[in-house]
Student: 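Here it is, the structure, as structure tokens.
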Amino acid sequence: MSKSAHRFHEIDLLRGIACASVLLFHFLSRAPQAGWMSHVDYPQLESVMRYGYLGVHLFFVISGFVILMSAQGATPRQFFASRVARLFPAFWVAVCLTAGTAWWLGESRFAVSLPHFLVNLSMLPHWFNIPFVDGAYWSLAVELHFYAYIWIVLRLQQMRRIEWLMLAWLLVALVDLIRPAWPLELWLDAKWAPLFVAGGVFYLIRTQGLTPRRVLLLLASYGLALASALRESGGEASLANPWIVTAIITVIYLIFTAIAFDRWRLPASRLTFWAGALTYPVYVIHQFFGIMLYQQLRAHIDNTPLVLAMVIALVLALAAAIHVWVEKPFGPRLRRWVEGKSAATAASVKASRA
């Protein structure tokens, strides 16, 4: 079977939708309310885009699906190499771009010290109580934890028990929901576990079929994910309608149910290709860099919609450049380097014999 046959183009489209929702949430809701973007005052748009933060929830379900797929048949080192190559080249460029722009413009709101910048390159500054170069990077740290868990499962050769491990993770999430505990949320991603589990179970259903245990895991993950999202939306500062939050979480699960049972399949297209290709570079550069870019342009152009359109277009163009000139050439090289010459040689010999 060809490599392209294994690609879920509908997942690429969902990546693009999730990224767009987060971007619009930041530009039309969070940043204006925080006082980071001036003259952005569109109450009707804000009342819709305030729910864009739920794009992160969609990202985590996607990650559970895709990472479990990536782990199938991979050695721990191969899996580690694939994740490093996927995450870090674009991320390092984004960290340099965002921090460098803040330093150049003298933006005290977004500037970090040089030591903090260097720690940020690890993607794990929260381990040391150091602020992220961009606030959006918190979700990447959560993702990195998830990858580490899967690596440990591979290292201990426990993939055959993945469903029981998922159940244990949901129990941790339940404990955290009843009595929130920062260590559980920091080290075990307890708050987000139901979403990752859901993605993984959807993948197992798609590839191995439906079982009673998988039904129970899905129902438990849905209940916990919904309860956590509703608790988050019920905060004093939140303006989110719990019924809308419930509807969005439910729709995410329904869409993945359609994918799991092969009821929704998209052919390859330019739309799905670019949605998949640009999602990550857009995500890592759009927020603080985009806000600083907006403020610079808005100081010279007295037209907020035009400036917003220009910022989004420039972010997309820069993301495309990062994909073409950074991710494509350096990702494979970094992967080969992390895997090691012997691993790469073995892989090429295996491929030639297939």
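Positions are given from 1, in the same order as the sequence printed here.
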Student: What orientation do Phe91 and Phe88 show, parallel under 30°, tilted 30 to 60°, or perpendicular over 60°?
Tutor: perpendicular
Student: Taking atom types as modelled, is there a side-chain donor on Gln78 or Arg335 under 3.5 Å from an acceptor on the other?
Tutor: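 Side chains of Gln78 and Arg335: no pair found under 3.5 Å.
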Student: Apply ring-ring contact (aromatic ring centres under 6.0 Å, His included) to residues Trp127 and Trp187 and explain how you reach the verdict.
Tutor: CA-CA 9 Å; Trp127 285 12; Trp187 300 110; 5.4 Å; yes
Student: Run the ring-ring contact (aromatic ring centres under 6.0 Å, His included) check on Phe60 and Phe146 step by step: do they pass?
Tutor: CA-CA 10 Å; Phe60 289 159; Phe146 175 52; 8.8 Å; no
Student: For atom CZ of Arg160, decide whether the heavy atoms of other residues, nucleotides or ligands shown that lie under 6.0 angstrom number more than 12.
Tutor: yes
Student: Examine His286 together with Tyr283 and report whether their ring centres are nearer than 6.0 Å.
Tutor: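 Yes - the distance between ring centres of His286 and Tyr283 falls below the 6.0 Å cut-off.
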Student: Which pair of heavy atoms, one from Gly55 and one from Ala18, lies closest together, and at what distance?
Tutor: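 Smallest interatomic distance, heavy atoms only, reads O-CB, 3.5 Å.
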Student: How far apart are the closest heavy atoms of Ala190 and Ala173, and which atoms are they?
Tutor: O-CB, 3.3 Å
Student: Between the side chains of Asp262 and Arg265, is the shortest nitrogen-to-carboxylate-oxygen separation below 4.0 Å, so that they form an ion pair?
Tutor: yes
Student: Identify the heavy atoms of Leu224 and Pro194 that sit nearest to each other, and give their distance.
Tutor: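 Between these two residues, the closest heavy atoms are CB-CG, 3.6 Å.
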Student: If you take all heavy atoms of Ala71 and Leu154, which pair is closest and at what distance?
Tutor: O-CD2, 3.8 Å
Student: If the threshold is 4.0 Å, N to carboxylate O, is there a salt bridge linking Glu163 and Arg213?
Tutor: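 Salt bridge between Glu163 and Arg213, a charged N being under 4.0 Å from a carboxylate O: yes.
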Student: Tell me yes or no: between the side chains of Arg298 and Thr304, is some donor less than 3.5 Å from an acceptor?
Tutor: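 Distance-only check passes for Arg298 and Thr304.
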Student: Could you walk me through whether Trp325 and Phe330 satisfy the ring-ring contact (aromatic ring centres under 6.0 Å, His included) test, starting with their C-alpha distance in whole Å, then the side-chain angles of each, then the deciding distance to 0.1 Å, before giving a yes or no?
Tutor: CA-CA 8 Å; Trp325 294 329; Phe330 293 106; over 10 Å; no
Student: Does a salt bridge link Arg86 with Glu327, judged by any charged N lying under 4.0 Å from a carboxylate O?
Tutor: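 So Arg86 pairs with Glu327 through a salt bridge.
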Student: For His26 versus Pro32, what's the shortest heavy-atom pair and its separation?
Tutor: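 That would be O-CD, 3.7 Å.
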Student: Taking atom CD1 of Ile11 and atom NE2 of His9, what is their separation to the nearest 0.5 Å?
Tutor: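 Answer for the CD1-NE2 pair, Ile11 versus His9, is 11.5 Å.
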Student: Do Tyr53 and Ser21 meet the criterion of a side-chain donor-acceptor pair at a distance under 3.5 Å?
Tutor: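 Tyr53 vs Ser21: no donor-acceptor pair found between side chains.
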Student: Classify the side-chain pair Thr101/Thr98 by whether it contains a donor and acceptor separated by less than 3.5 Å.
Tutor: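 Not at all, the side chains of Thr101 and Thr98 share no donor-acceptor pair under 3.5 Å.
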Student: Pick out which of Tyr51, Trp192, Phe196, Tyr222 makes a ring pair (Phe, Tyr, Trp, His ring centres under 6.0 Å) with His57.
Tutor: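 One option only clears the test, and that one is Trp192.
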Student: Can you confirm if the NZ or CZ of Arg30 lies within 45° of the ring axis of Phe25 and under 6.0 Å from the centre of its six-membered ring?
Tutor: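 Verdict for Phe25: no cation-pi partner in Arg30.
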Student: Please name the residue in the list Ile252, Ile248, Leu254 that meets the side chain to side chain contact (heavy atoms under 4.5 Å, CB included) test with Thr250.
Tutor: Leu254
Student: Please check if Tyr280 and Leu271 belong to a single hydrophobic cluster, counting links between Ile, Leu, Val, Met, Phe, Trp and Tyr side chain heavy atoms closer than 4.5 Å.
Tutor: yes
Student: A cation-pi test, strictly: NZ or CZ of Arg206 under 6.0 Å from the centre of the six-membered ring of Tyr203 and no more than 45 degrees from its axis. Yes or no?
Tutor: no
Student: Could you verify whether a donor N or O on one side chain and an acceptor N or O on the other, from Glu107 and Gln295, lie under 3.5 Å apart?
Tutor: no
Student: Do Trp103 and Phe117 have their ring centres less than 6.0 Å from each other?
Tutor: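 Ring-ring flag for Trp103/Phe117: true, centres closer than 6.0 Å.
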Student: Looking at the rings of Tyr137 and Phe132, which for Trp means the six-membered one, are their centres under 6.0 Å apart?
Tutor: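 No, ring centres 6.0 Å or more apart.
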